[in-house]
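Chain letters run A, B, ... following the sequence lines, proteins first and then strands; every chain starts at 1.
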Amino acid sequence: MRGSQVVGEAAVRAGCRFYAGYPITPQNELPEYLASRMFEVGGTFIQGESELASINMTLGAAASGVRTMTSSASQGISLKQEAISFMCGQELPVVIVNMMRGGPGLGNIGPSGGDYFQATRGGGNGDYRTPVLAGANCQELVDITFLAFDIADKYRTPVILLGDGLIGQVAEPVVFPDFINIEKLPKKDWKLDGCLGREARAIHSQILDAQALYDHNMHLKKKYDLITANEQRWEEISTEDAEVVVVAYGTPARLAESAIEELRSEGMPVGLFRPITLWPYPLKPLRELSKRVKKIAVFEFSLGQMLEDVILSVGERAEIFFYGVPGGVITTPDDVAQFLRSINKGDAKIGLRIEV
Amino acid sequence: MGSKRKIGKIVIDRERCKGCHMCIEVCPTKNIEEDKIRNKKGYHPARFKEGKKDQEKEQKECTGCAQCGTVCPEIAIEVYHAE
Amino acid sequence: MNTELTFRKVFGRPETLTDAVTHYCPGCGHSIAHRLVAECIDEFGLREKTIAVPPVGCAVLAYDYFKVDMIEAPHGRGLAVATGIKRVQPDKFVFTYQGDGDLAAIGTAETIHAANRGEKLTTIYINNGIYGMTGGQMAPTTLIGMKATTAPMGRDPRLHGYPLDISRMIALCEGVVYVERCSLASVKHIKQAKKAIRKAFQCQLDELGYALVELLSPCPTNWKMSSRDAWDWTNTEMTKTYPLGVLKDTTGYEAKK
C-alpha cells in the first residue's frame with residue numbers, strides 16, 4: 001500500500017470515524033482511500049470545499065467526541081493554521097496529516113521538509129504547541145498514526161503527522177494492528193452531545209478576561225510540559241562508537257541510513273540520531289549524545305529548519321555541519337555519503353559548517 | 001362570571017432595562033412611561049404606570065396584550081393576565 | 001368593591017435563556033432573536049439535544065445566554081463546524097446563529113457549500129447591514145449610500161459593489177428547502193419571524209434539508225440613530241434592498257395545512 005493509504009487504513013483501525021479533506025498533490029490517495037473505506041466502517045467522509053472548510057468540519061466532529069482526521073500538503077496546511085490555533089485553545093483532539101511538498105507558495109509536488117517550522121513552531125496565532133510525529137517508512141506510519149490519535153485524545157490536543165511526497169507515494173508491505181474497540185476508549189467528559197442530564201457546556205477559546213486567559217495559557221503550558229516530559233521519541237542507529245552522527249528525520253533519515261551502511265563498511269564511525277517526535281524534540285538525548293561525539297551532521301530537505309533545534313540542543317558541544325536540499329529535490333544516499341565524507345576530511349566541499 | 005374585557009399587568013425589571021423605550025412606543029393603552037430615576041447602569045428604564053390611571057387621557061387599563069414584552073430586547077418585561 | 005385579582009404569567013423569559021443580562025445595545029435586534037430562538041427550543045423540547053454554533057460578531061458571547069451546548073467557530077466557519085457536528089450526531093439538533101460578516105463575507109464559501117450539500121442544519125442569519133462588534137465597518141450587506149467607518153462617504157457601487165443578498169443565492173441551491181426573510185422591528189414582524197423560525201426548526205426535525213431565516217435587525221448604535229428611528233429604518237429602508245417574505249419553500253408544509 002502507498003504511504004498515504006497506509007495512514008488512512010491505520011486511522012480507521014485506530015478508531016477514526018470522521019475525515020474531511022480537500023484534494024492536493026501529493027496526498028490525494030489518502031482522501032480517495034477514505035472515501036470508500038470510511039463508508040465501510042460506518043464513518044463519515046466529506047470532501048470539503050477547501051482545506052479551510054475541511055479542518056473546521058473536523059473541529060465540529062472532534063467537539064462531538066469522535067476521533068477525527070484531516071490531511072493536506074504544505075500550502076493547504078497553511079490554510080488550516082487558524083483552526084489549529086483554535087483547537088489548541090479549545091483543547092480538541094484532531095490528527096492533521098501533512099505530506100510536505102516543495103515550497104514556498106505553490107512550489108512543486110516533490111517531497112520536502114520545508115514545513116518543519118510551520119509544524120513545530122506553529123503557523124497560527126498565540127502561545128501553543130502541537131505534537132509532531134514523523135515516520136521514515138510505511139510500517140512506522142502505521143505506528144505513529146495509532147500513536148497520534150492516542151496522544152491527541154490523552155492530552156486533548158491537535159497532533160500533526162509530518163510526511164512528505166515520497167513517503168506518501170512509496171508502496172511497501174505493512175502489518176496493521178487489529179481494529180481498536182472504540183467503546184473501550186476513555187470517555188470524553190468534555191464533549192458536546194446535548195445537555196441531557198447535565199449542565200450545558202460551551203467550548204471556546206475566547207476568554208475576554210485577561211487574568212482568566214493568562215490562567216488558561218498557563219494551564220496549556222503545563223500540558224505542553226507534560227507532553228515534553230513523557231512523549232519524546234527518537235531512534236539511534238550505530239551511535240555507540242560513532243564520531244560523526246547524522247541528525248535527520250523522515251525520508252532524509254532513510255537516505256542517511258543507507259549512506260551510513262555504506263560508510264560503516266568503509267570503516268567510518270558514523271551513526272544516525274533520528275527524531276520521531278519533532279515536537280517535543282528529543283533535545284536532551286541529542287545533547288547527551290553530542291557530548292561524546294565530535295561532529296553532528298544535520299541533513300534535511302530544507303534550508304535549515306530542524307537545524308535550529310539541533311543548535312538549541314547541541315550548542316558548542318560538538319561541531320555542527322549542515323546539508324540541506326530544498327525545492328522538492330530528492331538526493332540519493334550517495335549524496336549524503338559524500339557530505340559525510342567531506343565532513344570527515346574537513347574539506348568543506350559539501351554542506352557547511354555552522355558557527356554557533 | 002368573568003368580565004369580557006381582559007385585565008393584565010406587567011412587571012418591568014428596571015435593572016435589566018436598557019432604556020430603548022420601544023415598549024412605550026408600542027403599548028396600545030399608554031401604560032408605560034420613562035422612569036425619571038436612572039437605574040444602576042445609568043439608563044432611564046421603562047416604568048409601568050401602575051396606579052396613575054386617572055392622569056392620562058389616552059391611558060386605558062392594561063389588557064396584558066404583551067406587545068411590550070414582544071418588542072423588549074432584554075425580556076425585562078413579564079406579562080400577567082388576571083384570572 | 002375591587003376584589004383582589006389573581007394574576008397568572010403569560011409572557012416571560014424562556015427556559016432556554018440564562019438569567020444573564022446581555023451585552024447588546026439598547027434596541028438591538030439580537031436579544032429579540034435570542035428570545036424567539038429560545039422559545040422555539042422550549043416549544044419543541046430541544047434544549048437537551050441541541051448543539052449550537054454562535055458567530056464571531058456581536059453574538060460571540062451567545063454561549064453565556066443560551067442553556068445549550070455550544071461550540072465557538074472561527075469567524076465565518078460556523079456552517080463547516082456545524083456540518084461536522086451534525087454528520088457525526090445526526091440525531092441532535094444543530095443550528096448556527098450568524099451575522100452578516102460571519103455568514104456573508106468571510107464565511108461565504110462555507111455558507112454556500114453547506115447549503116448546497118443540503119446539510120440538515122438550520123441557520124438564523126442576523127442582517128443589520130453593518131459590522132457591529134468591531135465598531136461599524138461596512139458589511140457586504142451595507143446599503144448603497146449608507147455610511148460606515150470604512151465607507152465614510154457612504155457605500156458607492158463603483159468602489160464597493162452592491163449589497164449582497166446572500167439569502168437569494170442560497171435559495172438557488174437544490175439542497176435548500178426553506179428560506180424566509182423577516183424583520184425584528186415591530187410587533188407584527190417579530191411574530192412573523194417567530195413563525196419562520198419554527199418552520200426552519202421543523203425542516204431539520206423532519207430531515208428535509210437546509211433552512212435559513214434571515215432577520216433584518218436594527219443596530220441603533222452603528223447606524224447612529226435612536227432605537228425608534230433604527231426600528232423604522234429597518235422596515236422602511238432595509239426592506240427596499242432586502243424585501244421581506246419567503247424566498248424558497250419546498251417543504252410542502254403550506255400544502256398540508
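Counting heavy-atom pairs closer than 4.5 Å to chain A, the top-ranked of the candidates C:K92, C:R47, C:M70, C:K49 is C:M70. Ranked by heavy-atom pairs under 4.5 Å with chain C, the first of A:D193, A:L59, A:I46, A:L92 is A:D193. Taking chain C as the reference chain and counting heavy-atom pairs below 4.5 Å, the highest number among A:S205, A:A62, A:G48, A:A83 is found for A:S205. Ranked by non-hydrogen atom pairs under 4.5 Å with chain C, the options A:A53, A:A61, A:C195 are led by A:C195. Chain C forms the most heavy-atom pairs under 4.5 Å with one residue out of A:I203, A:N56, A:L208, and that residue is A:N56.
For a residue to count as touching a neighbouring chain, one of its non-hydrogen atoms must lie under 4.5 Å from one of that chain's; by this rule C:V94 does not touch chain A. At a 4.5 Å heavy-atom cutoff, the contact between C:Q89 and chain A is made by side-chain atoms alone. Only the side chain of C:I51 comes within contact range of chain A, judged by heavy atoms closer than 4.5 Å. For a residue to count as touching a neighbouring chain, one of its non-hydrogen atoms must lie under 4.5 Å from one of that chain's; by this rule A:T44 touches chain C with the side chain only. Contacts of A:Q90 with chain C are made by side-chain atoms alone, with heavy-atom separations under 4.5 Å and no backbone atom involved.
Between the CG atom in A:L30 and the CD atom in A:E9 there is a gap of 11.5 Å [rounded to 0.5 Å].
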Review point. Would C:Y65 and C:H23 count as a ring-ring contact (aromatic ring centres under 6.0 Å, His included) if you check the C-alpha gap in whole Å, the side-chain angles of each, and the deciding distance to 0.1 Å?
Key: CA-CA 10 Å; C:Y65 306 139; C:H23 68 286; 5.7 Å; yes

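At least one side-chain heavy atom of C:L164 sits less than 4.5 Å from a side-chain heavy atom of C:M169. A 4.5 Å side-chain heavy-atom check between C:I124 and C:Q98 finds every atom pair outside the cut-off.
Using cut-offs of 30° and 60° for the angle between ring planes, the C:F93 and C:F201 rings count as tilted.
A salt bridge links C:R181 to C:D165: one of the charged nitrogens lies within less than 4.0 Å of a carboxylate oxygen.
Judged by the 6.0 Å distance and 45° axis criteria, C:R198 is positioned over the aromatic ring of C:F44.
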